[in-house]
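Proteins come first, then strands; the chains are lettered A, B, ... in the order of their sequence lines, and each starts at number 1. What you see below is based on every heavy atom in this structure, not just the backbone, and it leaves out hydrogens, waters and symmetry mates. As the structure is a computational prediction, the values presented were derived from the model and not from experiment.
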Amino acid sequence: MKIVVCIKQVPGSNRVKFDPITHNLVREGLAGRMNPFDENAIEAAVRLREQVGGEVILLSMGPDATKETLHDGLAMGADAAYLLSARAFAGSDTLATGYILAQAIRQIGGVDLTLFGRQAVDADTGQVGPIVATELDLPQATFASKIQPLAAGRLAVERDLGAVTQTVQLTLPAVVTVRAEANRPRYESPIAIQQSLHKPLTTWTDQDLTLDASRIGQAGSPTVVRKVFAPTPPTRAAKPLPEDPKAAAKALLDILQAQGLL
Amino acid sequence: MERQWTEPEQMLLRMAAKYTDTELAPHDLAMAHTNRYPDGLVEKLIKTGFLTVMLPEAYGGAGFGPEVTAAMIERIAKGSASVAATLEGHYKSVDAVLRFGTDALKKALLPQAASRILAFGMTESTGGSNPMGIQTTAKRVAGGWLLNGNKVMITNGGLAQVYCVLAKTGDQELSVFVVDQDMPGFAFGKREDFIGLRGTPVGEIFLTDVRVDDDHLLGRVGQGGHIGDVAHADARILMGAVLSGIMQHALSLAAKYANERTAGGTPIGQLQTIQRKLADIKISQETTHLLWERAAFAKAQGQPYAELAAMAKAHGSRAAVAACDDALQVYGGYGYSNDYPLAHLMLDARALEIAEGTVEKMRTAIALAELKKEEA
């Protein structure tokens, strides 16, 4: 099975700054790390390869520093990696990113399964996986908590949707986004770390892909961030109860009844 | 200024940091209470590949150098000094086999060192810093040696499967042999109930007519004292790193507490008496770090490093005990409680004033080296 895992480098710290004009995250000078859900996607891919054979290819879009994160993924057991990096990609929103990734997956060719983490922890949209599936016109299953290969090019996926769990069967090729509950990602072994730098890592720019220039970068991004702010939790005044236990019980009862809670 | 690590080195340190914070640190206090590692901890450590870190690639290892290995030990010690000490015991023994083992022994033994723990047994009940006083003997037999004796206080004793053992091959002659727990005549003794580093097993072994082949002799006959010294020096670099890690742990706890705890409406961290302690801990941690780093650098460059390594441990161990004592004082009554980690950190550090050569013996060695430089 030829599996592509799309991964994202996210800020390694919560102390982030936003551009005052574009309201986008300022990524320059920020130490990056792999989006934690993407580790689950890589682990799922490596386990599938261990079960049915094949190869695991990492795909990421970002600046050159993203190579560090790709090396981490290679050390987790992926076989090869592609970095999509070009000035023309800067400012891409989820739609433009999904389009670029889909074109890269087409170019890699013969991909049976594309995996994503359920969402990236920096923007928390969870949109890119479904956009790629739509671009490639492939069946998709989001929020996978279990992935089981079946015979004849099919895959059983358990979708954990909180209140309900849904089991679906997909015909490959397909796109799946993976929840943290799906597995516990392995640690990169010291030997795998040393080997990771010898695995193939290819950089593709906009010139290497077949792209519609109006669909990439700022031009291809309809998303406008109007405002970024830290939510202020609603505050309510505490109401002290009387000292005397009986009076306190009575006062509490009155409050609960007034709120319609009893 | 931070050292510039290569990308694989950075990856190793990142992985070790994550592993420590997720898999080790949450169990550290429980180790101090129970005098053991939680079930499965060592197996997971081995499965993740921690035994392979400094083992050369030719023997199936990852082949990382002495500097990043020590830096990784420091990071692990920040979460669990016990686990860091277990790895230290393994690495120094692997180093000894690498340097002094015959090709046949290295080919047979070192690939196993990725999954089997190695240890070094020097100390006997007659003393650790008195090598000529040992009772263990190795007698020449056809094609090999017959070992008899009892080694105590071995780091990883009972956990390790392979032991480098110091034995007398003559009245005033020491040699080192490699024995395996599976050899007939090999037996484990009791585990020590030490007051610090309580996760790390420290135990004894008995050798009764254990026969080893010629190629299980490390180095030459009579080279045992030297091999022991080299193993000690290798260990002391890593012990310096353990001590620096313990101090980082203590400082992080003390600073957090000093920010949270208030007295008269002000965080105690704003009091100069508390600031003085935090500053002293930091100075001790940095000086110890610099010493082990310099020793590791010298080792990586092929320069003499035994004296620097001795300094790292001699300075670091007393400094760390004092630093943990300061951190304990910042914590007040909670610091003195076994429900909090400060007391056990202090006792962890205290172990290293004794283990791998007492600080007294190290100071003697440092002084003798300096005296020799100025001999007429």
*asked:* As an exercise: rank B:Thr52, B:Val53, B:Thr22 by heavy-atom pairs under 4.5 Å with chain A and give me the winner.
replied: B:Thr52

_Region of A:Gln195 that comes under 4.5 Å of a non-hydrogen atom in chain B_ = neither

In a table with atom names and distances, give each donor-acceptor pair under 3.5 Å that connects a side chain of residues 35-45 of chain A to protein atoms at least two apart or in another chain.
| residue | atom | partner | partner atom | Å |
| --- | --- | --- | --- | --- |
| A:Asn35 | OD1 | A:Val121 | N | 2.9 |
| A:Asn35 | ND2 | A:Asp38 | OD1 | 2.9 |
| A:Asn35 | ND2 | A:Asp38 | OD2 | 3.4 |
| A:Asn35 | ND2 | A:Gln119 | O | 2.9 |
| A:Asp38 | OD1 | A:Gly117 | N | 3.3 |
| A:Asp38 | OD2 | A:Lys8 | N | 2.7 |
| A:Glu39 | OE1 | B:Lys18 | NZ | 2.8 |
| A:Glu39 | OE2 | B:Lys18 | NZ | 3.1 |
| A:Asn40 | ND2 | A:Ala180 | O | 3.3 |
| A:Asn40 | ND2 | A:Asn183 | O | 3.1 |
| A:Asn40 | ND2 | A:Asn183 | OD1 | 3.0 |
| A:Glu43 | OE1 | A:Arg186 | N | 2.9 |
| A:Glu43 | OE1 | A:Arg186 | NE | 2.9 |
| A:Glu43 | OE2 | A:Arg47 | NE | 2.7 |
| A:Glu43 | OE2 | A:Arg47 | NH2 | 3.3 |
| A:Glu43 | OE2 | A:Arg186 | NE | 3.3 |
| A:Glu43 | OE2 | A:Arg186 | NH2 | 2.9 |

_Residue A:Arg184 excluded, over 12 heavy atoms near CZ under 6.0 Å_ = no

*B:Phe64 side chain reached by A:Gln194 side chain, heavy atoms, under 4.5 Å*: yes

*Go through B:Pro8, B:Ala16, B:Gly49 and name the one with the most non-hydrogen pairs under 4.5 angstrom from chain A.*
B:Pro8

*asked:* Are B:Met54 and A:Pro190 packed together at the side-chain level, in the sense that at least one heavy-atom pair is separated by less than 4.5 angstrom?
replied: no

*chain A contact via B:Glu57 - which portion, at a heavy-atom distance below 4.5 Å*: side chain

*By salt bridge (Lys or Arg N to Asp or Glu O under 4.0 Å), which residues pair with A:Asp160, not counting sequence neighbours?*
A:Arg179

*asked:* Can you confirm whether A:Lys146 is buried at NZ, in the sense that more than 12 heavy atoms of other residues, nucleotides or ligands lie under 6.0 Å from that atom?
replied: no

*B:Arg14 pairs by side chain to side chain contact (heavy atoms under 4.5 Å, CB included) with which of A:Glu188, A:Glu68, A:Arg33?*
A:Glu68

Using distance only, find each side-chain donor-acceptor pair of residues 236-251 of chain B under 3.5 Å and give its atom names and separation, not counting sequence neighbours.
| residue | atom | partner | partner atom | Å |
| --- | --- | --- | --- | --- |
| B:Arg236 | NE | B:Glu356 | O | 2.8 |
| B:Arg236 | NH2 | B:Glu356 | O | 3.0 |
| B:Ser244 | OG | B:Glu74 | OE2 | 2.5 |
| B:Ser244 | OG | B:Gln285 | NE2 | 3.1 |
| B:Gln248 | NE2 | B:Glu74 | OE1 | 3.4 |
| B:His249 | ND1 | B:Lys78 | O | 3.0 |

*In residues 69-79 of chain A, which residues are in contact with chain B at a heavy-atom separation under 4.5 Å?*
A:His71, A:Asp72, A:Ala75

